[in-house]
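All figures in this text were calculated on a predicted structure; none of them were measured in a lab.
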Amino acid sequence: MTQLSAAVRTLVTALAALTATTAATAPAASAPATPEPRAPKDFVALSSVDPTIIQEIRYFTPHNFVGERIDGYREPLCILTRPAARALHEAQRKLLPRGYSLKVYDCYRPQRAVDHFVRWAKDPDDQAMKAEFYPNVDKSRLFADGYIAEKSGHSRGSTVDLTVVRLPATPTRPYRPGEPLTPCFADQDERFPDNSVDMGTGYDCFDTLSHTLDPRIQGEQRANRTLLKNTLEDLGFVNLAEEWWHYTFKPEARPDTYFDFPVSRRSLAGHR
């Protein structure tokens, strides 16, 4: 064997060893990320159906009973099935000439958000927002008393939490995490400011005073609840008796499916 042949063979052997070592130490190719679920074609942004309805999506903010932004809320956006959105548009048409506007607090709610609520409810040590949202309810009772559940009609896309605002609407100031909290059933000028008409309690108040027809709610507060109730029920919405703000459009477009796509415009990409 010539010296040249020996040198070539040595070089080939070294390259083969280097290739084997590199292959052994190189990280495995990562699996492609699982794409986020998207909304079905019959889901729409409420603003595309009626841009005049005020939106204050509470679970995008820390001003809620958990005290932080809730999983799945990527944008402060109301998403609903198209029939529910159109019915809200008709309700808004009835209210505007009377000097009122609807304001939505929550619309479609992904299952991951409901799961977030469940995890929070099972943690007895996290009671940061108790003084405002559930001052008279022991946290251990939230499931038994029906305030928290593992499934929500909101995840089906035809349920909405909302109120009525007198026009012209003044903006609601942002909640400052850590600020002193006031019970959600305190007098309107004492509880957290909201540009809603006085409904007797704030939104998401875990208390029997939130029952729509609670007999202790009288006068202007009862008239305001009745205004919201009559306006929506005339258009096919059904109220949850325990929550003055909670309405479901019937018949539901998706009565048996609980969706988990995020609350974002990207979830609606390609919709018209």
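- Salt bridge annotation for Glu132-Lys130: absent, with no cationic side-chain nitrogen under 4.0 angstrom from a carboxylate oxygen.
- Ion pairing of Arg225 with Glu220 is absent here, as no side-chain N (NZ or NE/NH1/NH2) approaches a carboxylate O to less than 4.0 Å.
- Scanning all heavy atoms of the two residues, the minimum distance from Val114 to Glu150 falls at CG1-O, 3.5 Å.
- For residues 87-97, the pairs satisfying salt bridge (charged side-chain N to carboxylate O under 4.0 Å, His left out) are Glu90-Arg93, with sequence neighbours left out.
- Thr201 has its side chain out of reach of Asp207: every pair of non-hydrogen atoms, C-beta onward, lies at least 4.5 Å apart.
- One finds a salt bridge joining Asp42 and Arg254 here, because a Lys/Arg side-chain nitrogen approaches an Asp/Glu carboxylate oxygen to under 4.0 Å.
- In summary, Arg119 and Asp126 do not engage in a salt bridge, as defined by a charged side-chain N under 4.0 Å from a carboxylate O.
- Closest approach of Glu68 and Asn64 over heavy atoms only: O-ND2, 3.0 Å.
- You'll find the side chain of Pro110 stays beyond 4.5 Å of the side chain of Tyr258, heavy atoms only.
- Taking both residues in full, the closest heavy atoms of His154 and Cys107 are given as ND1-O, 2.8 Å, listed atom of the first, atom of the second, then distance.
- Between Leu80 and Thr159, the shortest heavy-atom contact is CD2-O, 3.7 Å.
- Taking every heavy atom of both residues into account, Ile70 and His116 meet most closely at CA-ND1, 3.6 Å.
- Note: Tyr59 and Tyr73 have perpendicular aromatic rings, judged against thresholds of 30 and 60 degrees for the angle between ring planes.
- Between Phe65 and Phe206, the angle of the ring planes lies from 30° to 60°, which puts this pair in the tilted group.
- Using cut-offs of 30° and 60° on the angle between ring planes, the pair Phe237 and Tyr247 is perpendicular.
- Considering only residues two or more places apart in sequence or on other chains, Tyr105 meets the side chain to side chain donor-acceptor pair (under 3.5 Å) condition with Asp194.
- Contact check on Glu36 versus Arg38 returns no salt bridge, with no Lys/Arg side-chain nitrogen under 4.0 Å from an Asp/Glu carboxylate oxygen.
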